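Read through the structure below, which is laid out as structure tokens, and then see the notes.
For clarity, every value in this text was computed on a predicted model and none was experimentally measured. We name chains A, B, ... by the order of the sequence lines, and we start the count at 1 in each one.
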Amino acid sequence: MTSASGAGYSYQICHFSPSDRFIQENIALTENITDTPAKENHADKIWDFFCSLKLTIIILLLLAVTSIIGTVIQQNAPAAEYIREYGEANYKLFQTLQFTDMYHSWWFVGLLALFSINLICCSIKHFPRVWKFVKEPTLVPSAGILKNSPNRLEVTSKESRQVLNTRLQNFLKKDFTAATETEQDGKTYLFAQKGIFSRFGAYTTHLSILIIMAGAIIGNVWGYKAVVNIVEGTSTDQVWLRSNSQPVKLGFTVRCDNFDVSYYGNSRRPKDYNSDLVVLENGQEILRKRIEVNDPLTYKGITFYQSSYGPAGSGFFKMKVTENASGKVMNLSARMGEQVKLPGGYAFAISDFTDSGRFGPAARVHVKTPEGRNGTPFMVLKDYPDFDVRRGGQFSFTLLSYEQPQFTGLQVAKDPGVEIVWLGCFLMVFGSMAAFFFSHRRIWVCLEDEGGKTKVTIAANAHRNQAGFSLAFDEMKQKLEAAIENKSPVKEG
Amino acid sequence: MDSGQLFNITTIAYFAGMVLFFAYLATKNRTVAFVANLVTFVGFLFNTAALGMRWYESYQILGEDGRAPLTNLYESVVFFAWTIVLIYLLIDLKYKQRAVGAFVMPFALFSMLGAQMWLNAGIDPLVPALQSNWLTYHVITCFLGYAAFAVACGVSIMYLIKIGKEEKQEGNEQMTGLLSVFPSCRILDDINYRAIMIGFPLLTLGIITGAAWANYAWGTYWSWDPKETWSLIVWFIYAAFLHARFTRGWVGRRAAWLSIIGFAATLFCYLGVNLVLSGLHSYGGS
Ligand code: HEM
């Protein structure tokens, strides 16, 4: 076996640009090539530059290398942070080179544009040739294919041309695919091919890249990313852009009826948070959905994602107050710090609350006498309703509940390009499967009379993965020889 | 038996498999190679059982919040070991080149050892952002891709070792010593290419499922965070590899080097981003 380094074995190339030396060396093997690198003017040179595969590889590697910058230098951080970390002078340099937002810098976007132009030019240049494979298959191989193909078999048989023709056709039909027969110049040619669709795999893949880019551009130009916080029970008709905090009108109203967090067991690890959102138009309820992380609400192309939450303002305490002298019971509600009147000129206020203490939710209560004197503060525990009775004051307090209104933090995205991006992704997966896991394989047979015997020449090629195909063809050779001799193939070993 | 014990047995089997593959290189005895493969296969079965057991245990510990064991760094590393051995066994089915095992098993063994020595094996409940089926698809596709790249890297190293010696030798002289059990350079080169051809579409799917998930959770399919960007870097490198190969005839040495560079970038994407760079991703710091 030969080594695989360099041009150890020939790779048949079905596309070329005149500047590609390696490819020129292989032209002998390549049929169907019509364009010749004759006289070149400037336009041709520019065209060739944009079509060059060398350019593709260079761009891919350049994109890989330059992308690293943005993963090392933090993107879109405040100026002070860069100055602290890298110094004033470096920050100036970063700004000039747009390193602080490099994925949107002129040079990175330029590289992506060059990438697309390269892709488009390549496709325009090569597609007609691929189309030709379908429209005009090479039924009769050139002498070059028969002589120089890396996968070939030459045998001379005593059998007649007719017999061999039938045997080989049967063999191909069984082991490969039905062949087309052509008579020309007193020779019989057979041609069989498989997997031609995989020639289009690369084009589908390339097209899909362009589609994804188009989708991304559409999303950037006609869409936006924004945030909004809605306090439970309230509504909003605008959201704030993430980039510059400018308000944007939604064109409808969103109300949050309720927000909930659930935790894992007794821990403070959030398990889920969800908001009951209602979409309203002209006061009419249109749509209602309980959203949670990973399950957003979409209306008119605008999607609301659950992303955060937090306390909104001070909460409500529901208190049961008993006037000890009369036994009169009152249900009162109080906000934090608010003075609430009690009978007889008394008043109370709540100055502190915790629900993480050892005894559960606890509020600190102050009672004010009619003379305006503040009593000593005391604790009221929700989980021990009778605890305060033992204090023995004018009033006994019981904490019934504490309700802290929450705001729900929503990410809001309008992205009219996202479906296009998914379409592109879908095509990319199928296109690259077709391109990678299948190849266009062709077999030619030439039968010619040679002094009472018949000379059989068989050549085969695959448009990709020649090395793998060579291995497969080596196996097939034995079967072909057996088919020619009309014997069953000799098993190895 | 709990999953921890099953993972221990897996590690031991992979270690034994690796040593046996080395013994095969030294002795050139095909029986040794067969036993090495068998031990590796048994290790793979234990690895599979351990993953299944951990899945089951997550339901015992977390009740209805149990989930597929693919959510933290520990779980991803032991899954990585599983995918590497899976890809090796698949390639072995086709090529029967056991010497490759000596260059692939170390990746699987180091993954298992690394997970068991340094990583937290606790089963914790998931934060809401990670509760998505997309996470499962994302992890499976990415890691199958990474494993294919690991195999490609292993055979590329073999290629570079062998080709250097081969070129010094005259004509058809038979190779002696260790290298004689290496597959031929042509086959090594072919395995390198095939492994990358398997890995690349899987990585593509991994990136796409990651984007889909991000879109569900946050409303942006791409935000250029370091993990995303590095996965794209890896994708660019292997895209360049494939194009260089089927359109410019880059085979042999240059292909082997590009494959090794690609896997180095893959490892950085997987571990380096968490250890060196900071990002949004959940695996960081755990
Ligand atoms: C990173 C993104 C890219 C991917 C995933 C990709 C994928 C592919 C695939 C799968 C093939 C296989 C062709 C075959 O069947 O032999 C291919 C070939 C090719 N690629 Fe790309 N490609 C990418 C970018 C590009 C770019 C930017 C160009 C621009 C010039 C390009 C030019 C070509 C050409 C000319 C071929 C040969 C087509 C043929 O067989 O006729 N590719 N590419």
Side-chain angles (χ1 to χ4, degrees), chain A residues 1-9 11 13 15 20 22-23 26 53-54 56-57 60-61 63-65 67-68 70-72 75 103 216 225 264 267 269-273 292-296 303 305-307 411-413 415 418 421-422 425 428-429 432-433 436-437 464-465 467-468 470-471, chain B residues 62 65 124-129 131-132 134 159 163 166-167 184-190 193-194 197-198 200-201 204-205 208 211-213 215-222 224-226 229-230 232-234 236-237 239-240 242-244 246-249 251-255 265 273 277 279:
Chain A
M1 289 216 171
T2 57
S3 102
S5 70
Y9 38 89
Y11 270 66
I13 304 298
H15 31 63
D20 289 340
F22 172 80
I23 292 171
N26 285 274
L53 280 157
K54 222 185 267 173
T56 312
I57 294 163
L60 283 169
L61 292 177
L63 282 169
V65 171
S67 293
I68 297 174
T71 67
V72 176
Q75 299 292 290
Y103 302 109
K225 309 275 180 231
Y264 284 108
S267 74
R269 237 181 125 94
K271 173 176 168 178
D272 246 329
Y273 26 112
E292 58 180 296
V293 183
N294 278 312
D295 188 14
T303 309
Y305 301 85
Q306 180 74 68
S307 84
Q411 305 247 24
V412 185
D415 192 342
V418 75
V421 170
W422 298 142
C425 290
M428 178 179 283
V429 170
S432 48
M433 295 278 181
F436 289 135
F437 300 127
R464 251 183 349 84
N465 187 21
S470 291
L471 294 176
Chain B
L62 305 175
D65 303 314
D124 292 322
L126 294 183
V127 298
Q131 298 163 15
S132 169
W134 287 109
Y159 181 90
I163 193 78
E166 201 171 88
E167 277 170 357
S184 73
C185 281
R186 189 177 156 187
I187 289 178
L188 287 171
D189 185 58
D190 193 46
Y193 173 53
R194 294 219 176 198
M197 218 164 51
I198 294 169
F200 187 76
T204 308
L205 267 176
I208 292 173
W213 172 31
N215 194 55
Y216 259 86
W218 297 288
T220 46
Y221 51 84
W222 196 263
W224 293 106
D225 90 276
T229 308
W230 269 94
L232 194 64
I233 290 169
V234 172
F236 283 141
I237 293 175
L242 291 167
H243 282 81
F246 41 59
T247 58
R248 295 189 57 80
V251 288
R253 263 216 176 79
R254 289 191 287 184
V273 171
L277 309 170

Counting heavy-atom pairs under 4.5 Å with chain B, which one of A/Leu63, A/Val412, A/Asn294 comes out on top?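 If we count pairs closer than 4.5 Å to chain B, A/Asn294 comes out on top.
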Would you mind checking which part of [X] comes under 4.5 Å of any heavy atom in chain B, side chain (CB onward), backbone (N, CA, C, O), both or neither?
| X | answer |
| --- | --- |
| A/Val421 | side chain |
| A/Ala64 | both |
| A/Lys271 | both |
| A/Asp272 | both |
| A/Gln75 | neither |

List the residues meeting ring pair (Phe, Tyr, Trp, His ring centres under 6.0 Å) with A/Tyr273, not counting sequence neighbours, and say none if there are none.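 A/Tyr309.
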Where on B/Ala265 is there a heavy atom nearer than 4.5 Å to chain A: the side chain, the backbone, both, or neither?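 No part of it gets close to chain A.
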Between B/Leu188 and chain A, with a heavy-atom cut-off of 4.5 Å, which part of the residue counts as in contact: side chain, backbone, both or neither?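 Neither part; nothing is under 4.5 Å.
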Is B/Asp190 paired with B/Arg186 through a side-chain N to carboxylate O contact shorter than 4.0 Å?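 Between B/Asp190 and B/Arg186 there is no salt bridge, as every charged N stays at least 4.0 Å from the carboxylate O atoms.
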What heavy-atom pair brings B/Asp189 and B/Gly252 nearest, and what distance separates the two atoms?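 For B/Asp189 and B/Gly252, the tightest heavy-atom pair comes out as OD1-N, 3.0 Å.
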Which residues share a side chain to side chain contact (heavy atoms under 4.5 Å, CB included) with A/Leu61, sequence neighbours left out: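 Side chain to side chain contact (heavy atoms under 4.5 Å, CB included) list for A/Leu61, sorted by chain: A/Ile57, B/Ala240.
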Chain A contacts, top residue of B/Leu232, B/Thr220, B/Asn215 (heavy-atom pairs, under 4.5 Å):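 Most heavy-atom pairs within the cutoff with chain A belong to B/Asn215.
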Return yes if some donor-acceptor pair links the side-chain N/O of B/Tyr193 with the main-chain N/O of B/Ala255 below 3.5 Å, else return no.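 Absent.
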Taking A/Lys225 for the side chain and A/Gln411 for the main chain, is one N or O donor matched with an acceptor at less than 3.5 Å?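 Side chain of A/Lys225 to backbone of A/Gln411, a donor-acceptor pair under 3.5 Å: no, none is there.
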Pairing donors with acceptors under 3.5 angstrom, does anything connect the side chains of A/Ser307 and B/Trp218?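 Short answer, no.
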